[in-house]
Amino acid sequence: MSYSFDIIGIAPVLQFFNHQQQVETKRDRAQAYLGSYCCTLDAFISATEAVHRRPDWDWDAIVNTIVNFWLSQEKDVLHWKQLFAAAKDDPTLGDQNLIVARVINYDSLRHEFESLFDG
């Protein structure tokens, strides 16, 4: 299986939680979202353990994908760290925000797309 990891945004905790409730109903889904209160490699690796109804994926390979992203996408990581730090400084919602990332399982995603045409 091959995987992708990307940081995709900053969201209020409640909004992220509600989205998780909708997305994680299917165990055979093609993607999972990770939320963290800090933008660090360790935090996102830990967030993989918090995925509810974890799909039957190779989570060690996903951790390797996250590490590879962190090492090869330094500009993106720095960009998101700066945006998240600025969001945390917002006096209205700062401490209620999460930085959000997405893990994609390409095999499952391909299967989802193929099933669209099998109907």
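Positions are given from 1, in the same order as the sequence printed here.
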Expected list for residues 9-19: side-chain donor-acceptor pairs under 3.5 angstrom, two or more places apart:
unit_1: Asn18; atom_1: ND2; unit_2: Leu14; atom_2: O; d: 3.4

Could you go through residues 60-84 and list every donor-acceptor pair under 3.5 Å that involves a side-chain atom there, pairing it with any protein atom two or more places apart or in another chain?
unit_1: Thr65; atom_1: OG1; unit_2: Ala61; atom_2: O; d: 2.9
unit_1: Asn68; atom_1: ND2; unit_2: Asn64; atom_2: O; d: 3.3
unit_1: Ser72; atom_1: OG; unit_2: Asn68; atom_2: O; d: 2.8

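Here the shortest heavy-atom pairing between Ala32 and Val51 reads CB-CG1, 4.5 Å. For the residue pair Ile99 and Cys38, the shortest heavy atom distance occurs at CG2-O, 3.9 Å. The two residues Asn97 and Tyr37 come nearest to each other via the heavy atoms O-CD2, 3.8 Å.
Every residue was checked against the side chain to side chain contact (heavy atoms under 4.5 Å, CB included) condition with Ala50, not counting sequence neighbours, and none meets it. Taking the side chain to side chain contact (heavy atoms under 4.5 Å, CB included) definition, one finds that Ser2 meets it with Tyr106, sequence neighbours left out. Looking at residues two or more places apart in sequence or on another chain, you find a side-chain hydrogen bond (donor to acceptor under 3.5 Å, both in side chains) between Glu49 and Arg54. In terms of the side chain to side chain contact (heavy atoms under 4.5 Å, CB included) criterion, residue partners of Ala30 (sequence neighbours excluded) are, by chain and number, Ser108, Leu109, Glu112.
Interatomic distance, Ser36 OG to Ile45 CD1, rounded to the nearest 0.5 Å: 11.0 Å. Note: Asp6 CG to Leu34 CG = 11.0 Å, rounded to the nearest 0.5 Å. How far OG of Ser4 is from CD of Gln31: 10.0 Å, rounded to the nearest 0.5 Å.
Ring geometry for Phe44 versus Phe5: interplanar angle over 60°, hence perpendicular rather than tilted (30 to 60°).
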